[in-house]
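Structure record follows, encoded as structure tokens.
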There are 2 protein chains.
Amino acid sequence: MSELTPPRYVVLGLIARHGAMTPYELKLKVEESVEYFWPIPHAQLYRIPARLAELGLLREETEQTGRRRRVFHLTDAGRAALRQWLADPNTPQPETRDPGQLKLFFADLGDPTDVVALARQQAAQHRHWLDLYRSLRSGLDPTDTARLVSRARILKLGILHEQAYVDFWESLATDPHRLDLD
Amino acid sequence: MSELTPPRYVVLGLIARHGAMTPYELKLKVEESVEYFWPIPHAQLYRIPARLAELGLLREETEQTGRRRRVFHLTDAGRAALRQWLADPNTPQPETRDPGQLKLFFADLGDPTDVVALARQQAAQHRHWLDLYRSLRSGLDPTDTARLVSRARILKLGILHEQAYVDFWESLATDPHRLDLD
DNA sequence: AACGATACCGTACCAATGAGACGATTGAGG
DNA sequence: CCTCAATCGTCTCATTGGTACGGTATCGTT
């Protein structure tokens with residue numbers, strides 16, 4: 001069984017966790033969480049399940065009522081593929097694509113004041129995410145122990161991440177000439 | 001003048017900084033730095049300059065000697081486009097694609113011991129990058145003041161980033177049941 | 001000078017993706 | 001009924017990712 005791409009495992013995982021879903025429901029689920037660390041454009045969530053069904057990892061059924069939407073169920077093969085992926089600790093390198101970092105990298109080619117404006121904007125942007133993750137964490141339902149642990153963990157990482165970026169950009173905004181070589 | 005995609009600005013920026021280059025030289029430059037925060041597959045570095053030349057932002061010349069490679073020069077329009085981009089502090093959101101985070105998010109669907117193995121592997125991986133960035137920073141040439149500042153800054157951010165991830169994964173590896181809700 | 005080996009360099013191909021316009025369906029309220 | 005907004009799905013096109021493959025220079029050896 002060959003490896004799937006990460007977005008495909010996202011679809012398998014969400015269906016494994018929440019039960020059979022339509023592409024539209026997948027889209028809603030993705031927007032509420034996965035999005036933050038693996039964005040998937042919504043059109044993909046119509047293409048991927050269809051592909052997984054061809055591979056036998058999902059089974060497609062059609063609603064008998066109303067809009068007759070396509071509902072995708074996890075098959076045994078799908079569950080097996082998911083488990084196998086989760087059991088393998090080896091993962092590809094993370095990829096970061098950060099336009100702000102890119103502008104910073106080339107900042108010496110522009111006006112020296114640009115970097116301060118950039119830093120301010122970036123600091124604000126990352127602070128926004130930091131606040132969001134913090135409030136999501138304090139809003140966790142302590143009685144839902146099953147979901148709580150994994151939710152809290154992933155939010156913890158998001159918070160550490162954003163905290164690091166806020167620290168960096170704020171320091172750059174207030175003190176652009178400081179040079180850390182410690 | 002419509003916006004370009006980030007990889008195109010990378011090409012403009014590298015040529016602005018280092019002078020006219022062939023696609024192959026671009027590839028080498030990308031690998032030595034930009035790669036870490038904006039990966040670009042090498043085939044792109046043959047397509048992008050050609051496209052930018054069509055747009056009038058680069059000018060293509062052909063070597064008279066040997067392999068007769070295509071050398072791309074920055075035009076005034078190209079320089080202007082680059083400056084305009086750098087002067088605009090507004091940037092799209094960063095996108096992170098981290099297979100490790102994805103596996104963590106779905107960890108509750110697999111075996112509970114998987115997460116420890118994952119954490120160990122991730123901790124090692126991020127420690128590797130952390131060490132690399134640190135050694136790159138200590139290897140900076142203090143006499144090259146022009147480049148020093150921008151290099152040091154971007155490395156600082158990389159180090160903060162990796163430090164946060166090392167902290168997270170190491171803590172998870174040694175103490176998988178700890179729950180941070182502070 | 002001829003040679004092979006090894007790097008260097010470039011292109012081509014095809015499936016997959018990103019982005020977003022557009023169209024269809026539903027159901028709630030008037 | 002009718003209208004409007006929300007919901008839901010598909011389509012298209014340029015771009016991208018991934019990678020295989022082919023050509024060209026260089027260098028050490030004889």
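Here is how names work: the chains are called A, B, and so on, in the same order as the sequence lines, proteins then strands, and each is numbered from 1.
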Criterion side-chain hydrogen bond (donor to acceptor under 3.5 Å, both in side chains) on B/W169 and B/Q125, from CA distance to verdict: CA-CA 10 Å; B/W169 288 111; B/Q125 196 166 293; over 6 Å; no
Has B/R70 got its NZ or CZ under 6.0 Å from the middle of the six-membered ring of B/Y46, at an angle within 45 degrees of the ring axis? no
Side chain [X], main chain [Y], donor-acceptor under 3.5 Å:
{"X": "A/K103", "Y": "B/W85", "result": "yes"}
{"X": "A/E32", "Y": "A/K29", "result": "no"}
{"X": "A/T75", "Y": "A/G56", "result": "yes"}

How would nucleotides 15-24 of chain C be written as a contact map, 5' to 3', with B for base contact, S for sugar-phosphate-only contact and - for no contact, using protein heavy atoms under 4.0 Å? -SBBBB----
Looking only at side-chain N and O atoms, does B/R69 come under 4.0 Å of OP1 or OP2 in C/dC9? yes
Determine: side-chain N/O of A/Y46 to OP1/OP2 of D/dT10, distance under 4.0 Å, yes or no. no
Gap between atoms [atom1] and [atom2], on [X] and [N] respectively (whole Å):
{"X": "A/L4", "N": "D/dG18", "atom1": "CG", "atom2": "P", "result": "15 Å"}
{"X": "B/K27", "N": "C/dG10", "atom1": "NZ", "atom2": "P", "result": "10 Å"}
{"X": "B/L28", "N": "C/dG10", "atom1": "CG", "atom2": "C1'", "result": "13 Å"}
{"X": "B/E31", "N": "C/dC9", "atom1": "CD", "atom2": "P", "result": "12 Å"}
{"X": "A/L45", "N": "D/dT10", "atom1": "CG", "atom2": "P", "result": "13 Å"}

Establish, yes or no, whether a centroid distance under 6.0 Å links the rings of B/H42 and B/Y24. no
